[in-house]
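Since the structure comes first, as structure tokens, the remarks are kept for the end.
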Amino acid sequence: MDLEVKGIGTASRNLKRQKSAQGWRIRSSDAYGPRPDDVPALDLRRLADSDSENDLCYTPLTKEHPRLAPPDSTSTVSWGTPFPAPFSRRRATPQPCPVEQLAIPETLPAPSERYKLKYQQLEEEMKMSYKQHSQSTTQRSKAISLCQQPPSANLQMQKSPVDDVNPEGLTSLDKKAILQQCYTSKPYTMEQSMRRLEAEDLAAEKRKQAVVEQVLVDQLSRAVISDPGQDGSTTDRSQQQSTRPGLGSAPLRFRNRKLHQTKIKTSSTLTENLLSNKLRFDARIISRNGRDACRELIGFFFAFDKSLTVYEYRQFGKNRTKALPFIQKGIYYHQYGRRKRRQYDVGDFYVGADLTFLTAQHVGLPTSVQEKPLLTLRVIGIDEMAKRSLLASCNPAFSKQEMDDRNIVMSVQGLLKEKLKKRGVRTMTGLVKYFHQRDLCGGGVLQKMELKQGLRTFHLELPNQDFESIWCILDQDDGGEVDYYQFIRVVIGEMNEFRKAFVRKAYMKLDPNKTGSISVNDISKFYNGRKHPQVLSGECSEPQVRAAFMDMLQECCVNPKEVTYCEFEVYYEGLSLGITDDEDFANVMKNCWAV
């Protein structure tokens with residue numbers, strides 16, 4: 001009996017352990033989800049009895065809780081109810097079709113004529129934009145294919161303006177120069193051009209107004225302080241010597257004498273009204289030195305005593321500017337030409353006029369300017385309204401000899417103009433290099449036979465009578481030598497001041513530190529060939545246009561790695577000979593250098 005009772009107690013305890021384990025497994029499965037090894041059993045009879053393949057629902061055979069873990073080894077209870085299929089609970093509700101949502105009801109009114117017109121305009125704009133996009137894509141693909149071809153084949157395919165002219169006598173350098181003359185399209189729109197012009201005019205007017213105020217302050221203060229009447233009293237001088245400064249007073253040399261504290265009446269009659277009756281003009285230095293050639297000079301001619309003064313506008317840093325005296329106020333005379341030893345008058349100031357001064361009379365001039373005995377200033381701008389008011393009192397006129405000289409120069413330039421139209425760059429650069437090699441002393445002057453031989457070398461022969469007339473105009477002192485740069489300007493001609501202003505702007509942009517020379521690498525970086533007509537049409541690439549420009553520019557350089565201001569100007573002097581319109585030349589400079 002005891003054994004039976006013990007057996008029954010052991011079985012009951014095992015049954016309790018199984019139930020507790022089953023409850024823990026169910027609770028753990030509820031918390032952590034099904035285990036990977038709990039795979040439901042496959043009922044083949046259920047699959048065979050199914051008549052429809054769309055019946056994806058699965059109903060368990062028993063309603064007992066699913067057992068998610070294998071039973072213990074001691075358990076005798078069967079297990080294995082399959083886990084219900086998960087996708088049976090994830091059926092999505094049917095969504096409406098997008099077409100049905102965008103359906104337009106039939107009760108809407110017809111569109112008005114205004115909206116029809118807008119739709120037509122929008123359609124045309126889309127067609128034009130697509131057409132432009134396709135054209136730009138085609139041009140870009142042509143340019144890429146041209147860049148991938150060898151250089152020889154690419155040069156043969158491109159069509160330049162040289163093909164339309166007579167190629168006789170034209171070299172490869174002439175063709176490259178004509179290629180640079182194609183920048184005739186306007187780089188900016190009308191609104192952009194107006195804004196740029198207004199900004200430049202406003203900056204120039206502010207600059208001139210600052211110089212005018214500085215001139216008035218300087219001249220009025222110097223007129224009183226430097227008056228000799230201030231030192232005319234001997235009594236005051238003796239009193240100053242007898243009186244000694246006390247302990248609390250500063251020495252006389254450190255005291256500031258104010259104008260309203262002067263006791264002696266000045267004998268000068270200079271007032272602001274007299275100084276306001278003046279003629280303002282802009283000038284530049286004619287020099288081969290780039291630093292001096294790019295100086296901004298503003299001069300004033302006073303009508304009450306026929307004196308003049310010149311100030312230099314300088315900028316220190318980004319925000320600090322100042323006007324410094326370049327030529328002191330005084331009465332000056334012509335030092336060169338037919339009007340030598342004649343006093344300057346109102347008629348001597350016009351755009352293109354030359355003002356000459358002796359450097360020995362001016363101590364404060366730069367060292368590079370004092371190296372030559374003569375300083376020449378070129379008038380590049382003038383106040384026309386002030387000149388008309390001053391000319392009402394006097395009517396200047398040129399002498400007969402001066403008119404004859406002008407007619408001779410114009411006739412000689414007319415003879416050579418047609419010859420230099422297609423080979424201006426090559427002739428100008430070659431002629432300057434030829435004269436530079438003959439100038440062994442470095443003074444910039446040559447004799448008559450050397451100049452005549454240079455013209456003969458470049459096929460610019462002049463009649464003997466015309467050459468002698470030019471020589472008499474230039475060599476008025478009978479020195480036997482003439483500045484060959486001045487000889488070239490007289491015989492061949494030079495750009496007007498409108499064109500030279502763009503050349504100086506481009507050079508100052510390339511040389512902001514005013515060193516006087518630019519490296520070839522810097523010029524190649526700043527040169528812009530993207531707006532060349534042949535680059536836009538896809539006939540040639542931008543590197544080819546840049547290479548053509550650099551080849552021409554290096555031909556006129558003594559040092560192939562550096563370009564001076566004189567060489568830069570000579571190149572554009574030759575390029576200007578083939579461009580008749582000033583606006584076309586301005587577009588060339590704007591497209592290349594964005595000035």
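- Aromatic ring orientation, F549 versus Y527: parallel (interplanar angle below 30°, classes split at 30° and 60°).
- Nearest heavy-atom pair across V363 and Q370 is O-NE2, 3.0 Å.
- The structure places CG of N591 at 10.5 Å from CE of M589, a figure rounded to the nearest 0.5 Å.
- The ring of H362 has its center closer than 6.0 angstrom to the ring center of Y332.
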Step by step, would you call E573 with R489 a salt bridge (charged side-chain N to carboxylate O under 4.0 Å, His left out)?
CA-CA 10 Å; E573 286 278 3; R489 287 195 297 265; over 6 Å; no
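- D354 and Y336 are not linked by any side-chain donor-acceptor pair at a separation below 3.5 angstrom, with hydrogens and angles left out of the test.
- Rounding to the nearest 0.5 Å places CZ of R338 at 4.5 Å from CG of D405.
- Aromatic ring orientation, Y507 versus F568: tilted (interplanar angle from 30° to 60°).
- A side-chain donor-acceptor contact under 3.5 Å links Q453 and R456.
- Between the side chain of T309 and the main chain of I327, a donor-acceptor pair closer than 3.5 Å is present.
- Taking 4.0 Å as the cut-off between side-chain N and carboxylate O, D383 and K278 do not count as a salt-bridged pair.
- The CD1 atom of I285 lies 11.5 Å from the CZ atom of R291; values are rounded to the nearest 0.5 Å.
- Salt-bridge formation is detected for the pair K340/D477: a Lys NZ or Arg NE/NH1/NH2 atom is positioned less than 4.0 Å from an Asp or Glu carboxylate oxygen.
- Applying the side chain to side chain donor-acceptor pair (under 3.5 Å) criterion to R406, with sequence neighbours excluded, gives Y350.
- Of the residues R288, K500, R499, the one that meets the salt bridge (Lys or Arg N to Asp or Glu O under 4.0 Å) test with E569 is K500.
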| task | Decide yes or no on side chain to side chain donor-acceptor pair (under 3.5 Å) for Y311 and D218, but give the supporting numbers first. | result | CA-CA 11 Å; Y311 276 69; D218 289 350; 3.0 Å; yes
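- Annotation for A386 and S389: closest pair O-OG, 2.7 Å, computed over non-hydrogen atoms.
- Classification of K329 and D305 as a salt-bridged pair holds, one side-chain N sitting under 4.0 Å from a carboxylate O.
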### Task
Determine, stepwise, if the pair K206 / Q209 fulfils side-chain contact (heavy atoms from CB on, under 4.5 Å).
CA-CA 5 Å; K206 287 183 178 180; Q209 190 64 29; 5.8 Å; no
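- Annotation: cation-pi geometry satisfied between R438 and Y434 (NZ/CZ under 6.0 angstrom from ring centroid, within 45° of ring axis).
- Between K176 and E555 no salt bridge is recorded (no basic side-chain N to carboxylate O distance below 4.0 Å).
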Could you list the donor-acceptor pairs under 3.5 angstrom formed between side-chain atoms of residues 295-303 and any protein atom two or more places apart in sequence or on another chain?
unit_1	atom_1	unit_2	atom_2	d
R295	NE	D292	OD1	3.1
R295	NH1	E312	OE1	3.3
R295	NH1	E312	OE2	2.9
R295	NH2	D292	OD1	3.4
E296	OE1	R207	NE	3.2

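- In summary, the side chains of T515 and N513 do not present any donor paired with an acceptor at a separation below 3.5 Å, with no hydrogens or angles considered.
- Heavy-atom contacts from other residues, nucleotides or ligands closer than 6.0 Å to NE2 of H334 number more than 12.
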